[in-house]
Amino acid sequence: MKKILVTGGLGYIGSHTVVELQTAGFEVIIIDNLSNASVKVLDGIESITGIRPEFEELDLRDKQATISFFQKHQNIAGIIHFAASKAVGESVENPLLYYENNISTLVTVLQQIQHQENIAFIFSSSCTVYGQAEKMPISENAPIQQAFSPYGNTKQIGEEILQDTAKIAKGLQVISLRYFNPIGAHASVAIGELPDGVPQNLVPFITQTAIGLRKQLAVFGNDYPTEDGTCIRDYIHVVDLAKAHVIALKRLLNEQHETSFEVFNIGTGTGSSVLEVIESFERVSQQKLNYKIVDRREGDVISAYADTTKANTILGWKATSTLDEAMLSAWQWEQKIRKTK
Ligand code: UD1
């Protein structure tokens with residue numbers, strides 16, 4: 001059984017990926033600094049898979065502790081690296097926190113593994129690297145654009161660091177997954193998204209409004225050049241996204257990759273407007289959502305959805321859940337966590 005290190009494995013996408021890794025027969029060790037996650041997530045993972053993953057509380061900014069961790073665990077075959085901060089607004093206010101949390105830590109991890117004979121590395125990247133792409137759907141060949149925020153910049157720089165390092169580190173093989181907009185929760189509702197404070201993302205804001213935690217959803221602009229005037233995104237079920245990590249990891253472990261640094265878009269290929277997401281929510285929850293149209297939010301791109309041809313054909317992965325299924329799972333999760341609080 002191959003041992004896989006999942007950094008940030010108690011977070012939203014990390015925890016769903018741990019479940020899929022264990023289901024696929026991998027042994028998992030999680031490190032997490034608990035900055036935006038709870039140890040209770042281990043119970044959720046265990047209740048789904050029947051296996052409690054090994055866990056060490058570790059902050060990758062602590063270089064000495066990170067070095068000791070890698071000295072102690074020399075049998076790691078692959079790393080899925082989620083540990084990072086992800087709030088766009090916060091990154092504008094505190095850029096150095098983002099460069100330290102997302103970049104310095106990546107460098108520290110790579111320093112520990114660069115001489116290893118064979119190591120697979122999956123990086124959490126984002127469609128944010130494309131900015132407002134000229135052509136829809138967005139393929140991996142679309143040019144990288146000047147980042148809107150330090151957060152977005154850390155994803156671009158992270159990819160460059162990995163690409164440069166994979167060129168000289170013979171054993172290091174990397175796949176960078178550029179996520180579109182992950183939403184939803186595991187069907188068991190044992191794990192899901194746990195936003196810290198007021199959610200910045202659309203779907204948790206919708207479910208928190210419906211449950212009564214927020215008064216009203218503000219829809220940021222309906223004067224965009226789209227069919228209904230609201231922005232278009234590619235909302236992907238988090239379980240579909242989690243499965244893409246396992247497939248990408250196997251590609252590296254089975255040495256099926258073509259180069260030591262590969263990039264794949266991970267989305268559904270379908271764009272949905274903000275109003276379509278609200279309609280989907282109203283359909284699956286059978287209730288009206290209290291929302292109003294307000295001004296545009298600064299920094300929002302008009303439209304972003306994936307060309308998934310490369311992931312479908314080369315990776316052999318395809319998203320299977322519909323928007324309604326993802327919204328229903330998000331709603332069931334919201335209802336469950338408010339009941340048990
Ligand atoms: C945002 C980030 C992106 C990051 C991703 C991580 C920005 C500009 N982009 O993506 O870099 O990778 O989160 O999860 O912050 N909306 C509303 N009302 C709300 C919240 C959102 O109308 O209260 C709209 C937004 O205008 C947007 C859509 O919903 O059109 C999706 O927004 P969001 O969930 O924040 O995702 P992104 O902005 O696509």
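In listed order, ligands and their atoms are each counted from 1. A quick note: this is a predicted structure, and the numbers were derived from the prediction, not measured.
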Do any side-chain atoms of residues 106-113 form donor-acceptor pairs under 3.5 angstrom with protein atoms, and if so which ones, sequence neighbours left out?
residue: Thr108; atom: OG1; partner: Ser104; partner atom: O; Å: 3.0
residue: Gln111; atom: OE1; partner: Lys63; partner atom: NZ; Å: 3.2
residue: Gln112; atom: NE2; partner: Thr108; partner atom: O; Å: 3.1

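- Among protein residues, Val88, Ser126, Thr128, Tyr151, Asn181, Gln200, Asn201, Leu202, Leu217, Ala218, Val219, Phe220, Cys231, Arg233, Tyr235, Val274, Arg297, Gly299, Asp300 come within 4.0 Å of ligand 1, judged on heavy atoms.
- Linking ILVMFWY residues whenever their side-chain heavy atoms come closer than 4.5 Å, directly or via other members, places Leu5 and Val174 in the same cluster.
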Please report, to 0.1 Å, the donor-acceptor pairs under 3.5 Å made by any side chain of residues 135-146, with sequence neighbours excluded.
residue: Ser139; atom: OG; partner: Asn141; partner atom: N; Å: 3.1
residue: Glu140; atom: OE2; partner: Asn265; partner atom: N; Å: 2.7
residue: Gln145; atom: NE2; partner: Gln132; partner atom: O; Å: 3.0

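- Tracing side-chain contacts under 4.5 Å through hydrophobic residues (I, L, V, M, F, W, Y), one never reaches Val203 starting from Ile191; they form parts of separate clusters.
- Once rounded to the nearest 0.5 Å, the distance linking CD1 of Ile30 with CD1 of Ile4 reads 12.5 Å.
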Give every donor-acceptor pair under 3.5 Å between a side-chain atom in residues 78-87 and any protein atom, sequence neighbours left out.
residue: His81; atom: ND1; partner: Thr7; partner atom: OG1; Å: 2.8
residue: Ser85; atom: OG; partner: Asn101; partner atom: ND2; Å: 2.8

